[in-house]
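Everything numeric here is computed off the predicted structure, so don't read it as measured data.
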There are 2 protein chains.
Amino acid sequence: MTIHASGSCDQCSLKVLCLPVGLPENELWQLDEIVQRRRPIPKGQVLFRMGAPFSSVFAVRTGSLKSVLLSDDGTEQVTGFTLAGELLGLDAINKGLHPVSAVALETTSICEIPFDKLDALAGQLPSLRQHFMRTMSREIASDESLLALLGQRSAEQRLAAFLLSLSMRFRARGLVADRFCLSMSRADIANHLGLTQETISRLFTQFRKQGLIEIHTRDLHLLEMDGLHRIAGIRFEPLSQTA
Amino acid sequence: MTIHASGSCDQCSLKVLCLPVGLPENELWQLDEIVQRRRPIPKGQVLFRMGAPFSSVFAVRTGSLKSVLLSDDGTEQVTGFTLAGELLGLDAINKGLHPVSAVALETTSICEIPFDKLDALAGQLPSLRQHFMRTMSREIASDESLLALLGQRSAEQRLAAFLLSLSMRFRARGLVADRFCLSMSRADIANHLGLTQETISRLFTQFRKQGLIEIHTRDLHLLEMDGLHRIAGIRFEPLSQTA
DNA sequence: GGTTTGCGATGATCCAGATCAGGGACGGCA
DNA sequence: TGCCGTCCCTGATCTGGATCATCGCAAACC
């Protein structure tokens, strides 16, 4: 019932980012065949809940989601945001249970890929297998740099780094890197960066006064990426080769 | 030159934890054939350096290592510790460069597994492929709970959670869960948890006074796991099914 | 046996960011 | 159009943990 008529991987504008990367035409249809396209889910709706059994990974076609880890004592941690072209649910393969919940930040459309079928296909198609492994590897590496952010950095370094990281992800999608809309609230950003809502507000104001950004509610314009880089103090992509 | 005569996967006591999990006898030898056993590396030696090209994943046979991410401004983040039976280097698959350095915390012996051969074998052996994916997935999930730790928790919650997490990893190795040796320094623990050396020292003293632990330098004895769990405020394994 | 050296313990001080409290802008809906 | 709820901003106060400095101890080295 969740199968939706619209689209195929071949026609999808995100095929250069998503699972189809590197697949020749004659292999792509095999992937296409196991992908289920679901109807869009509205803002605030839960795609899967923490603790729920895992059977599929998800690819975001349009929109965005946050991943939230809920602890025993009720505190929540926003572990990440997922944008169009990215995969969701990779952290659930190990135990067969989702360790986080996924919540749509705006109206969002999703492709569902049953994992048993994806695994079988990965056995047959080396380039699919390799791309999938690279995707998981990238997730690990990016969590590691987020750890460095939370463990070592000041509030302003964290926010600057976060904005730059978002910017690069939009650029990878063929969108402009310096002007985009934040689909997440201040509270979500704060939680994700281990700060408070108030600090985020103050920092946006500070960055604006410094001429680094323009922001109207959620419409963000990065005026001086160099300045933000200087504040962040970290280069993300590409990791420079250290001798 | 790095190949060492000793051992085979079949005889290794860690085969229930490491890559061979779930492989039948008649498949295990194929994995065994591509594994290179290196001579032990001494304490403090670097297994691979951040930025170095990636060609193999590593499995720890005995000993332990820390992974360190070095930022442009010189600050370091210990992103994790790797114990016997665990894999190292999974974060490097994506870019083909190691995003962290790995440093031995004690005399440590390592198996090296060339990734191109491992990938080819993963194409042929479903249970190897699935176990490898589960391993990467576990790495992602555990980074996520670490993010929650760094983003939300007090110093004492972080240390309690860290000790319990180590304890569970030792238990998984068939070792006693309540008595083990910390192969990492106070400074390493502090860095990993986003705290300082001094705070770690104070907390060890505090836990001792509360009768929760006994510690002599690096020999740790957990006296009251329940008390530590209460402080940590988080349950790790197993993630309880939340309706 | 005495000295060096590195690691761990502890006390005093300071500051970034949390917490608390109040107010204003905006959007959805009757 | 006006109401209400959500989201965002900002000021005042508080505090956890960093920082700095010093001390004690034990293993290593002559």
Rounded distance in Å - NE2 (B:His216) to P (D:dC25): 15 Å
B:Lys209 NZ to C:dA9 P, straight-line distance once rounded to whole Å: 11 Å
Sole candidate of A:Arg39, A:Arg61, A:Arg38 that passes salt bridge (charged side-chain N to carboxylate O under 4.0 Å, His left out) when paired with A:Glu112: A:Arg38
Rounded distance (Å) that lies between atom P of C:dA9 and atom CD1 of B:Ile215: 7 Å
Separation of D:dG17 P from B:Gln157 CD (nearest whole Å): 9 Å
Gap between atoms CG and P, on B:Asp219 and D:dA27 respectively (whole Å): 12 Å
Side-chain H-bond candidate by donor/acceptor type, B:Ser142 with B:Ser145, under 3.5 Å: no
Side-chain N or O of A:Thr205 closer than 4.0 Å to phosphate OP1/OP2 of D:dC9: no
Rounded distance (Å) that lies between atom C1' of D:dC9 and atom CZ of A:Phe207: 16 Å
B:Arg179 with B:Glu214: basic N within carboxylate O range, under 4.0 Å: no
Polar pair under 3.5 Å, donor/acceptor by atom type, side chain A:Arg186, base D:dT10: no
Side chain A:Gln197 and base D:dC9 donor-acceptor under 3.5 Å: no
Interatomic distance where CD belongs to A:Gln152 and P belongs to C:dG17 [whole Å]: 14 Å
Touch class at under 4.0 angstrom, heavy-atom based, for B:Thr199 against every strand present: sugar-phosphate
Polar side chain donor-acceptor pair, B:Arg37 to B:Ser109, under 3.5 angstrom: no
Touch class at under 4.0 angstrom, heavy-atom based, for A:Ile200 against every strand present: nothing
Proximal nucleotide (of C:dT19, C:dA18, D:dC20) relative to the B:Glu198 side chain: D:dC20
Interatomic distance where CG belongs to B:Leu203 and C1' belongs to C:dA9 [whole Å]: 13 Å
A:Ser64 side chain to A:Glu106 side chain, donor-acceptor N/O pair below 3.5 angstrom: yes
A:Arg202 side-chain proximity, nearest of D:dT10, C:dG17, D:dG17: D:dT10
Contact under 4.0 Å: A:Ser185 side-chain N or O vs D:dC7 OP1/OP2: no
Phosphate contact (C:dG8 OP1 or OP2) by B:Ser201 side-chain N/O below 4.0 Å: no
Sugar-phosphate only, base, or nothing, as touched by B:Thr217 at under 4.0 Å among non-hydrogen atoms: nothing
Out of C:dA18, C:dG17, D:dG17, whichever nucleotide has its closest atom nearest the side chain of A:Ser154: C:dG17
Check: C:dG8 base within 3.5 Å donor-acceptor of B:Arg218 side chain: no
